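Single-structure report; data block below.
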Amino acid sequence: MKITIQQVRLGDEEYRVISPFKPLKNGALYKHNSYQYNMYVDRTDGRRIGALWLLAARSPRSLVYLPMRTPAKELGGIHEDEMPLDLVLTHRALQFRPSRWKKLRAHLRAGNAPREIRTARLPEGDLPTDTCEINYAAPSDPRNRNLLHQHVHAETLFLTGSTAAFREAAPHIFTVTKEGPPAAATELYISGGCNYHVCRSIYHWPDLHTHGWEQIHVEFCPPWSR
């Protein structure tokens, strides 16, 4: 997978930012008023997004930036109360403050900002075979160290966690791309109907809202596969 790497200095700190080389055409993220985030993907860009999650697990000193705040494209499930968001994946070891993001993003978008193009290769073993729902019993449970902490700033959702947290979440995105093939979308999907729906929820944790966190719902978007 081709990626773009940019080095940005803010004061005494320098940040390494990884982004997809080509913009995501069919990948979108929205904040829904019903206390969840909705991510819509097709097969191709869904796999790219999943790979970038695995890359975030291998890049504890980098920010992985996915520009996903694009206009909705005949999604059918998008409502007026859904707000488009970009996504940034950051390892907790980096200790990045989301309040710095708006200024850092302005540097990334500058016309003269240097960009390095590379090819990222991820070992197949990085993707866990177990795609069971993540279900942590209580905040005191030691397994909760692998939860992805959530923050929203400057129209961007920040997910911060450990290497294991990103690796545990990535299979849910790949599962959606596997179970939502284009043929099924064209042959079975009826606009406005519910006979064809493929999705995964990254978290099923009853105490999410007490921490100010919300469910992350990943859904295959059939209209993009026609």
Side-chain angles (χ1 to χ4, degrees), residues 1 18-20 22-57 63-90 98 101 127-128 131-134 146-161 165-182 184-185 189 194 196-205 208-209 212-225:
M1 178 179 61
I18 299 172
S19 301
K22 292 184 178 180
L24 297 170
K25 293 179 59 178
N26 296 327
L29 177 65
Y30 293 84
K31 171 67 172 64
H32 196 279
N33 284 349
S34 62
Y35 303 104
Q36 72 176 18
Y37 297 101
N38 290 330
M39 182 187 296
Y40 300 93
V41 300
D42 72 349
R43 190 172 225 182
T44 300
D45 274 351
R47 287 174 172 173
R48 292 173 67 199
I49 291 168
L52 286 162
W53 282 56
L54 293 177
L55 189 58
L63 297 162
V64 177
Y65 171 38
L66 289 78
M68 303 181 72
R69 189 162 38 98
T70 56
K73 305 174 183 177
E74 300 178 359
L75 281 172
I78 289 295
H79 305 289
E80 291 182 358
D81 58 352
E82 290 188 312
M83 178 180 68
L85 294 170
D86 287 335
L87 179 64
V88 170
L89 311 175
T90 173
W101 174 244
L127 184 64
T131 59
C132 295
E133 297 290 351
I134 302 172
N146 290 337
L147 284 174
L148 291 167
H149 293 214
Q150 305 171 5
H151 302 277
V152 174
H153 184 78
E155 300 175 302
T156 304
L157 171 63
F158 291 84
L159 296 179
T160 304
F166 289 114
R167 284 183 177 169
E168 287 178 0
H172 297 277
I173 302 174
F174 283 105
T175 296
V176 170
T177 67
K178 180 181 179 181
E179 296 179 354
Y189 181 74
C194 58
Y196 182 81
H197 183 89
V198 175
C199 69
R200 297 283 288 190
S201 292
I202 291 180
Y203 288 131
H204 273 308
W205 192 39
L208 277 175
H209 300 321
W213 304 338
E214 300 174 5
Q215 184 62 263
I216 301 174
H217 175 257
V218 184
E219 180 179 335
F220 180 78
C221 182
W224 282 345
S225 298

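Numbers for residues simply follow the sequence, beginning at 1. Remember, it's a predicted structure, so these values are computed and weren't measured experimentally.
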Which heavy atom of [X] sits nearest a heavy atom of [Y], and at what distance?
| X | Y | value |
| --- | --- | --- |
| H151 | P98 | CB-CG, 4.1 Å |
| A170 | G50 | CB-O, 4.0 Å |
| A169 | L148 | CB-CD1, 4.2 Å |
| V41 | G46 | CB-CA, 3.7 Å |

Please confirm whether the backbone N or O of K22 pairs with a side-chain atom of R48, one donor and one acceptor, at under 3.5 Å? yes

So do the side chains of [X] and [Y] get within less than 4.5 Å of each other, counting heavy atoms only?
| X | Y | result |
| --- | --- | --- |
| E155 | P84 | no |
| F158 | H153 | yes |
| F220 | Y40 | no |
| V218 | I202 | yes |
| K25 | D45 | yes |
| W53 | L159 | yes |

So, applying side-chain contact (heavy atoms from CB on, under 4.5 Å) with I49, which one of T44, T177, L89, L24 is it? L24

Of D86, T90, L52, I18, which meets side-chain contact (heavy atoms from CB on, under 4.5 Å) against Y65? D86

Check this for me: does any side-chain nitrogen of one of R200 and E219 sit under 4.0 Å from a carboxylate oxygen of the other? no

Please name all residues satisfying side-chain hydrogen bond (donor to acceptor under 3.5 Å, both in side chains) with [X], sequence neighbours left out, ordered by chain then number.
| X | result |
| --- | --- |
| S19 | none |
| H217 | N38 |
| W101 | T156 |

Identified side-chain hydrogen bond (donor to acceptor under 3.5 Å, both in side chains) partner of E214 from the options H32, Q150, K31: K31

Of all residues at least two apart in sequence or in a different chain, which pass the side-chain contact (heavy atoms from CB on, under 4.5 Å) check with [X]?
| X | result |
| --- | --- |
| L29 | Y37, M39, M68, L85, L87, L157 |
| R167 | L54, A57, R58, D126, P128, T163 |
| P23 | none |

Rounding to 0.5 Å, atoms OG (S201) and NE2 (H172) come to a distance of 9.0 Å

